[in-house]
Amino acid sequence: MSTIACDTPRSTLDETAWRALCRTAAEHAQHGCGLSYDHYVTLFSSEIDTHASRLPDDQRVQALEIAAQEWDYATPAERQETQDWNAANGYCSHGIELGCCPAGCGS
């Protein structure tokens with residue numbers, strides 16, 4: 001995936017380019033999540049974190065807000081909270097009940 005739009009410092013966020021990058025990241029996450037919402041959020045958010053880290057600080061906040069509002073981006077702390085809840089309630093890291101995960105979690 002190209003990151004050209006995010007690698008060039010600008011005075012304002014190129015929202016069109018950022019949304020295109022988010023759409024592509026969401027498509028990648030959807031294809032790899034195995035229909036697990038928790039896993040989709042992890043895949044999407046991790047990819048967004050990588051791209052957002054290349055943005056200037058003043059643009060990063062806006063970029064992450066767009067990703068959260070339009071594609072369910074979750075911060076690392078929010079993702080950890082979900083993982084902790086899953087582990088405490090009988091779900092694997094993919095958000096699927098232990099023993100039912102197609103990746104073999106809990107088998």
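Given the structure is predicted, the values throughout are model-derived calculations rather than measurements. Residues: numbered from 1 along the sequence shown.
- Y40 and D72 form no side-chain donor-acceptor contact under 3.5 Å, judged by distance and modelled atom types alone.
- Residues L13 and D58 fail the side-chain proximity criterion, which asks for heavy atoms closer than 4.5 Å.
- Panel note: side chain W18, backbone A63; a donor-acceptor pair is recorded below 3.5 Å.
- Side-chain atoms of Q83 come within 3.5 Å of backbone atoms of S93 as a donor-acceptor pair (strictly under, hydrogens ignored).
- The distance from the SG atom of C105 to the CD atom of E97 is 12.5 Å, given to the nearest 0.5 Å.
- For E78 (side chain) and T75 (main-chain N/O), a donor-acceptor pair under 3.5 Å exists by modelled atom type.
- Going from atom OG of S46 over to atom OH of Y73 covers 8.5 Å, rounded to the nearest 0.5 Å.
- There is no path of hydrophobic side-chain contacts, each under 4.5 Å, that joins I96 to Y91.
- Ionic pairing of R79 and D49 is present here: one or more N-O contacts between side-chain nitrogen and carboxylate oxygen are shorter than 4.0 angstrom.
- For the atom pair L55 CG and R60 CZ, the distance stands at 6.5 Å (nearest 0.5 Å).
- Residues N86 and G95 approach most closely at ND2-CA, 3.6 Å, considering heavy atoms.
- To the nearest 0.5 Å, atoms SG (C92) and NE2 (H39) are separated by 9.0 Å.
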For I66 and E15, run side-chain contact (heavy atoms from CB on, under 4.5 Å): C-alpha distance rounded to whole Å, both residues' side-chain angles, the deciding distance at 0.1 Å, then the answer.
-> CA-CA 9 Å; I66 290 169; E15 290 186 34; 4.0 Å; yes
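- H94 contributes atom NE2, which lies 10.5 Å from atom CG of D38 (distance to the nearest 0.5 angstrom).
- Rounding to the nearest 0.5 angstrom, the gap separating the CD atom in E47 from the NE2 atom in H28 is 6.0 Å.
- The hydrophobic cluster containing W71 also contains Y37, counting ILVMFWY residues as joined when their side-chain heavy atoms lie under 4.5 angstrom apart, directly or transitively.
- The minimum heavy-atom distance linking I48 with C22 is given by the pair CD1-SG, 3.8 Å.
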